[in-house]
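Note that this is a predicted model, so its numbers are computed, not measured. Counting starts at 1 for both ligands and their atoms, following the listed order. Along the sequence shown, residues are numbered consecutively beginning with 1.
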Amino acid sequence: MDPASAARSGNRVLEAQSTRGLLLSTASRLASFPGGDATFFSRLGFRYGTIVETFRRLYGSVPEVEGYLERLALILLECYRDRPDRLKDSDSRREKAQAQGRAWFLEPGLTAYMAYADRFAGNLEGFRRRLPWLKELGIDIVHLMPFFRSHEGNNDGGYAVSDYLGIDPRFGDRDSLVGLADELHEKGMFLAADLVLNHSSDDHAWALAAKAGEGKYRSYYYVYPDREMPDRFESAMPQVFPETAPGNFTFVPELDAWVMTVFHDFQWDLNWSNPEVFLEMLRILLGLANMGVDLLRLDAVPYLWKKPGTSCQNLEEAHVIVRLLKACADIVAPGVAFLAEAIVQPSEIVRYLDSGGLAGEARVEECQLAYHASLMALLWEALATRKVGLLSATFGSETRLPPGTAWLSYARCHDDIGLGYDEAKIREVGFTPGPHRRFLLDFYSGRFPGSFARGRLFMENPVTGDARISGTCASLCGLESAVDGEETELALRRIELLYGLVSSLVGIPMVFSGDELASLNDYGYQSEAEHAEDNRWMHRPRMDWEAAERKAAEGTREARIFHSIRHFFSLRRGIPALAQDAGFRVLASGSENVLLVQRCPRSEDERRVAVAANFSPEERAFPLAALGPGFGQSPLDLLSGRAVTTFGGMAILPAYGLSWLAEA
Ligand code: GLC
Ligand code: GLC
């Protein structure tokens with residue numbers, strides 16, 4: 001062994017010893033508090049090394065780091081003590097299943113639904129009464145948009161939180177949330193909720209205390225007396241809301257200082273380099289878990305750590321924070337999973353699921369799920385261009401996820417569609433990045449001649465020419481612009497194509513509330529003071545229960561789309577090749593309009609399935625031979641229940657047709 005590695009391994013031994021010493025002294029101190037049991041101490045022992053290592057990495061330079069570690073351990077014990085027994089029982093079951101490689105979120109067939117409790121059903125109680133709707137659609141995971149007390153007036157859809165564990169009385173109270181979680185669990189469903197950890201509202205108690213001059217709370221935020229640091233930061237930081245909230249800092253007269261506000265001026269970025277902030281948020285995270293939340297959506301997670309001279313996104317410390325949070329959650333609530341809301345380049349998204357070990361070796365735990373923002377944006381690109389080149393090339397070269405993790409796949413959510421494509425790939429398939437982006441923006445805002453889409457540009461940045469897209473799935477698919485039966489039919493097929501692909505390409509499919517009824521853009525937001533400036537509200541419609549009744553009437557668009565999505569979901573449940581973590585391989589279809597993807601089940605005893613999708617408004621064909629051996633001359637289309645139409649060795653897909661072809 002050379003001296004350097006000898007020193008390194010010596011250090012490790014020393015570190016291990018001091019960690020063990022720390023663990024022993026922590027454990028003996030904790031033993032004098034009630035609530036700890038053998039399960040708690042064994043989980044603590046198992047994770048303590050990671051906790052100490054990650055905590056020191058973040059806060060090693062802070063004086064009295066051991067004192068913080070002790071406070072952290074006490075928080076874990078208190079939250080464990082407070083965790084209801086039924087959740088502890090479910091943790092044990094989930095832990096066991098996970099050890100056998102079957103975490104609850106990998107249960108084949110799982111689906112998700114994202115909704116605003118108030119816009120869907122008035123409040124949490126109302127939501128609970130509407131669960132049969134979701135059951136009928138075939139939903140398992142319900143993500144409720146933020147329902148905590150938030151900023152007065154504009155609150156960014158609840159993402160400016162004033163009280164992280166206090167439910168907004170408009171939605172109900174703690175009991176209504178716990179009751180909803182219990183009922184979901186009884187029905188075999190799961191609850192997802194947001195942890196808005198990058199920023200608080202400027203009327204959160206911490207911000208109010210800071211404004212009142214309390215130094216402790218001032219240091220919870222990034223506060224600067226003059227423009228020197230803000231200018232250093234700004235030189236490299238992009239802007240999230242350039243139109244309505246330009247810049248990344250806001251002057252706050254009560255503080256006589258500049259505060260970092262990456263999102264809106266009323267969303268103050270929390271300073272995670274302060275260990276007090278970490279401990280506060282840890283308690284909140286575990287508090288949410290103890291209310292019965294199964295999946296925590298880590299809002300805006302790439303933004304957690306800031307360093308001047310960088311984009312302040314995806315910094316290594318942001319990952320270390322998530323690792324530390326996960327190690328802590330695994331002690332108190334190991335059944336709870338994390339969902340990364342990281343709407344960044346694909347190669348960066350993947351790092352929230354698999355960031356490699358601290359020294360680049362073994363995989364370490366962060367999030368278990370992440371939104372597949374790249375697939376979402378690619379599906380819209382293919383729909384506009386009618387060509388599958390960029391989708392095939394990007395999806396085909398996608399990094400495989402590590403075992404135990406999965407994508408959340410979707411066509412629409414409450415946010416805008418960002419055009420985050422890989423520029424090299426755009427060139428590779430024969431487009432030029434700038435004009436291509438311009439085309440897509442023109443297309444989806446309906447400016448491009450002949451475009452079927454009726455969307456709006458979101459946050460147009462005149463300096464960079466960047467913009468994103470707002471609009472509901474149905475309006476972007478042409479249902480709003482359709483003037484006759486033929487155009488309506490094409491629009492409905494586009495919606496089915498997108499939802500059918502989201503259900504079969506990879507990951508857990510998610511429905512954005514309203515899409516199951518093909519809801520059109522809601523322009524009413526323009527006359528609502530707190531929404532008027534933010535056109536994302538056009539695609540966050542209030543649930544139209546009158547329209548919902550039409551799902552029972554044959555021939556209506558509501559019936560058509562509801563039953564199509566339901567069909568995708570129920571069929572998928574019985575097809576092992578379409579499990580969220582089954583493999584996939586992009587095949588060459590020989591047609592620029594036809595996407596061909598083979599799904600490979602985890603067990604070799606199960607049949608493979610080929611997903612074939614035609615992005616053209618005209619009939620297209622591809623050679624059956626492209627499916628490879630095993631699919632035969634007239635494969636069964638599981639979606640229609642009939643053999644696919646063939647002609648002279650070619651499979652024929654109608655306009656916007658989708659088939660799930662089974663291996664013979
Ligand atoms: C997330 C939310 C988005 C919100 C932002 C700020 O990205 O999805 O709606 O504007 O965070 O919290
Ligand atoms: C940016 C952020 C994302 C957020 C969105 C809101 O894209 O990266 O987190 O959802 O803005 O529009």
Side-chain angles (χ1 to χ4, degrees), residues 112 114-119 143-151 153-164 192-204 207 221 237-248 250 259-270 272 281 284 295-304 306 311-314 318 322 338-345 348-349 352 367 369-373 376-377 408 410-418 420 458-459 468-472 510 512-513 525 530-531 533-541:
M114 175 192 236
Y116 293 88
D118 54 342
R119 297 171 87 79
H143 171 210
L144 288 184
M145 303 300 284
F147 43 77
F148 292 100
R149 280 212 313 113
S150 59
H151 191 261
N154 183 1
N155 53 34
D156 191 19
Y159 283 100
V161 181
S162 328
D163 181 356
Y164 283 98
D194 279 271
L195 180 63
V196 186
L197 69 185
N198 176 67
H199 42 256
S200 82
S201 169
D202 67 357
D203 62 6
H204 186 286
Y221 301 98
M237 279 171 100
Q239 301 190 29
V240 177
F241 297 132
E243 263 185 62
T244 51
N248 289 287
T250 301
V259 177
M260 186 185 285
T261 54
V262 169
F263 290 82
H264 294 96
D265 57 8
F266 51 83
Q267 289 165 308
W268 290 13
D269 286 65
L270 286 162
W272 281 80
M281 291 310 283
I284 289 163
L295 178 63
L296 281 166
R297 175 184 181 275
L298 304 190
D299 182 62
V301 67
Y303 298 82
L304 285 191
K306 319 293 200 294
S311 69
C312 296
Q313 291 181 31
N314 306 313
V322 182
F338 287 4
L339 161 65
E341 194 246 345
I343 314 303
V344 291
Q345 309 87 293
E348 292 289 350
I349 305 182
Y352 292 90
C367 294
L369 301 172
Y371 289 101
H372 205 330
M376 181 275 297
L408 198 61
Y410 63 114
R412 285 302 285 120
C413 73
H414 70 300
D415 278 331
D416 43 285
I417 302 173
F458 177 69
M459 295 296 148
R468 284 116 71 183
I469 296 156
S470 285
T472 66
M510 181 186 84
F512 180 59
S513 180
Y525 78 95
E530 66 274 27
H531 297 154
E533 275 198 350
D534 188 339
N535 68 23
R536 286 178 299 173
W537 288 99
M538 71 197 249
H539 57 251
R540 299 169 177 177

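At least one heavy atom of Arg536 sits closer than 4.0 Å to an atom of ligand 1. Residue contacts with ligand 1 include Arg297, since one of its heavy atoms falls under 4.0 Å from the ligand.
Using bins of under 30°, 30° to 60° and over 60° for the plane-to-plane angle, the ring pair Tyr116/Phe512 lands in the perpendicular bin.
Remark: His204 engages Tyr164, Trp206 in a ring pair (Phe, Tyr, Trp, His ring centres under 6.0 Å) (not counting sequence neighbours). Tyr371 is linked by a ring pair (Phe, Tyr, Trp, His ring centres under 6.0 Å) to Tyr410, counting only residues two or more places apart in sequence or in another chain.
Note that the OG1 atom of Thr244 and the CG atom of Asp156 stand 9.0 Å from one another [nearest 0.5 Å].
Within the listing of ligand 1, atoms 6 (C), 12 (O) sit less than 4.0 angstrom from a heavy atom of Gln267. The distance from ligand 1 to the heavy atoms of His199 drops below 4.0 Å at these ligand atoms: 6 (C), 12 (O). Heavy-atom contacts of Asp299 reach the following atoms of ligand 1: 1 (C), 2 (C), 6 (C), 7 (O), 8 (O), 11 (O), 12 (O) (cutoff under 4.0 Å). Shown in contact with Asp415 at under 4.0 Å from a heavy atom are these atoms of ligand 1, numbered in order with element: 2 (C), 3 (C), 7 (O), 8 (O), 9 (O). Annotation for ligand 1: atoms under 4.0 Å from non-hydrogen atoms of Phe263 are 5 (C), 6 (C). Less than 4.0 angstrom separates some heavy atom of Phe241 from each of these atoms of ligand 1: 10 (O).
Tyr159 is not listed as a side-chain neighbour of His264, based on a closest heavy-atom distance of 4.5 Å or more.
With ring centers used as reference points, Tyr352 lies 6.0 Å or more from Phe338.
Ion pairing of Asp415 with Arg540 is present here, as a side-chain N (NZ or NE/NH1/NH2) and a carboxylate O approach within less than 4.0 Å.
Contacts of Tyr371 with ligand 1, taken as heavy-atom pairs under 4.0 Å, are absent altogether.
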